[in-house]
Trainee: 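I have a structure I would like to understand better, so I am pasting it below and will then ask my questions one at a time.
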Amino acid sequence: VYLVESGGGSVQAGGSLRLSCAASGYTVSSTCMGWFRQAPGKEREGVAAIDSDASTGYADSVKGRFTISKDNAKNTLYLQMNSLKPEDTAMYYCAAFKGWSVSLLPRNYDYWGQGTQVTVSS
């Protein structure tokens, strides 16, 4: 199973980025996937998740600004990030697990990508 993130970068506060996570050896349509982030000196935290029925869940800190989605035909997970803030600066990871319900808990996830850096300047 390979999960490869892309789309990170540096933006100013208020800007937008779209992260992508291409999956191989794994079918995004039939499982739960999520986006997580980890800032230096902090624990990894769940940002958004989506299950096989396309139900979604978000951390309170990103609700209304971030949108998780997936393209089953491309076997790719996305995270649209709008109205970015400096506190969104972190390494962002996509992850997957063979569960049935949306989860923002890192310990529930079995497969992880290498991450893509997002830096938001004020």
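Note: hydrogens, waters and symmetry copies are ignored here, and every other heavy atom, side chains too, is used.
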Trainee: CG/Leu3 to OG/Ser24 distance, rounded to the nearest 0.5 angstrom?
Mentor: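 Taking CG in Leu3 and OG in Ser24, the distance rounds to 7.5 Å.
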Trainee: Quick one: CG on Asp51 to OG on Ser101, what's the gap to the nearest 0.5 Å?
Mentor: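 So the gap between those two atoms works out to 7.0 Å.
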Trainee: Could you walk me through whether Asn82 and Ser16 satisfy the side chain to side chain donor-acceptor pair (under 3.5 Å) test, starting with their C-alpha distance in whole Å, then the side-chain angles of each, then the deciding distance to 0.1 Å, before giving a yes or no?
Mentor: CA-CA 4 Å; Asn82 299 328; Ser16 299; 2.9 Å; yes
Trainee: Hey, what do you get for CG (Leu77) to OH (Tyr26), rounding to the nearest 0.5 Å?
Mentor: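 Atom-to-atom, Leu77:CG and Tyr26:OH are 11.0 Å apart.
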Trainee: Please name the pair of heavy atoms, one in Ser121 and one in Pro86, separated by the smallest distance, quoted to 0.1 Å.
Mentor: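 Closest approach of Ser121 to Pro86, heavy atoms only: C-CG, 4.4 Å.
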Trainee: Should Thr67 and Tyr58 be marked as a side-chain contact (heavy atoms from CB on, under 4.5 Å) after you check the CA-CA gap, both sets of side-chain angles, and the distance that decides it?
Mentor: CA-CA 8 Å; Thr67 302; Tyr58 295 91; 3.8 Å; yes
Trainee: When you measure from the side chain of Thr76 to the backbone N and O of Asp71, does any donor-acceptor pair fall under 3.5 Å?
Mentor: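 Checked: no pair found.
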Trainee: Do other residues, nucleotides or ligands put more than 12 heavy atoms under 6.0 Å from the CD atom of Glu87?
Mentor: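 Correct, the count exceeds 12.
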Trainee: Kindly compute the distance separating CZ (Arg65) from OG (Ser83), expressed to the nearest 0.5 Å.
Mentor: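 Taking CZ in Arg65 and OG in Ser83, the distance rounds to 7.0 Å.
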Trainee: If hydrophobic clusters are built by linking Ile, Leu, Val, Met, Phe, Trp and Tyr wherever their side-chain heavy atoms come under 4.5 Å apart, do Val28 and Val1 end up in the same one?
Mentor: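 As far as the 4.5 Å side-chain criterion goes, Val1 and Val28 are connected within one cluster.
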Trainee: Is there a donor-acceptor pair closer than 3.5 Å between any side-chain N or O of Thr31 and the backbone N or O of Phe97?
Mentor: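 Judged by distance alone, yes, a pair lies under 3.5 Å.
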Trainee: Report the C-alpha distance between Val118 and Leu19 in whole Å, list the side-chain angles of each, state the deciding distance to 0.1 Å, and finish with yes or no for side-chain contact (heavy atoms from CB on, under 4.5 Å).
Mentor: CA-CA 9 Å; Val118 171; Leu19 305 184; 4.1 Å; yes
Trainee: Under 3.5 Å, is there a donor-acceptor pair between the side chain of Thr89 and the main chain of Thr119?
Mentor: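 No, the answer is negative, given that no donor and acceptor are paired below the 3.5 Å cut-off.
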Trainee: Hey, any chance Val62 and Leu104 share a hydrophobic cluster, counting ILVMFWY side chains that come within less than 4.5 Å of each other, even indirectly?
Mentor: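 Not linked; separate clusters.
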Trainee: Is it true that Met91 and Ile68 fall in one hydrophobic cluster, defined by side-chain heavy atoms closer than 4.5 Å?
Mentor: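 No, no single cluster joins them.
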Trainee: Does Asp88 pair with Lys85 as a salt bridge, N-O distance under 4.0 Å?
Mentor: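 Salt bridge between Asp88 and Lys85, a charged N being under 4.0 Å from a carboxylate O: no.
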Trainee: Nearest 0.5 Å, what's the OH-CD distance between Tyr92 and Gln38?
Mentor: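 Rounded to the nearest 0.5 Å, the OH-CD separation comes out at 12.0 Å.
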Trainee: When you measure from the side chain of Glu5 to the backbone of Gln114, do you find a donor-acceptor pair of N or O atoms at a distance under 3.5 Å?
Mentor: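 Side chain of Glu5 to backbone of Gln114: a pair is present.
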Trainee: Please round to the nearest 0.5 Å and tell me the distance separating atom CD of Gln80 and atom OG of Ser69.
Mentor: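 The OG atom of Ser69 is 8.0 Å from CD of Gln80, to the nearest 0.5 Å.
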Trainee: Could you go through Leu84 and Phe66, starting from their C-alpha distance and side-chain angles, then the distance that decides it, and tell me whether this counts as side-chain contact (heavy atoms from CB on, under 4.5 Å)?
Mentor: CA-CA 9 Å; Leu84 283 161; Phe66 291 11; 3.8 Å; yes
Trainee: Parallel, tilted or perpendicular for Tyr93 and Trp112, by the 30°/60° rule?
Mentor: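 Tyr93 and Trp112: perpendicular rings.
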Trainee: Following the transitive rule for hydrophobic clusters with a side-chain heavy-atom cut-off under 4.5 Å over Ile, Leu, Val, Met, Phe, Trp and Tyr, establish whether Val102 and Leu105 coincide in one cluster.
Mentor: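 Each belongs to a different hydrophobic cluster.
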Trainee: Given Val47 and Leu79, is the side-chain contact (heavy atoms from CB on, under 4.5 Å) satisfied, shown in steps?
Mentor: CA-CA 9 Å; Val47 174; Leu79 184 68; 4.3 Å; yes
Trainee: Which atom names give the shortest non-hydrogen contact between Tyr109 and Cys32, and what distance separates them?
Mentor: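 Scanning both residues completely, I find the closest heavy atoms to be CE2-O, 4.2 Å.
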Trainee: Work out which heavy atom in Ala39 is nearest to a heavy atom in Ala90; give both atom names and the distance.
Mentor: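 It is N-CB, 3.9 Å.
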Trainee: For Gly46 and Phe36, work out which heavy atoms get closest and say how close.
Mentor: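 So the two residues come closest at CA-CD2, 3.3 Å.
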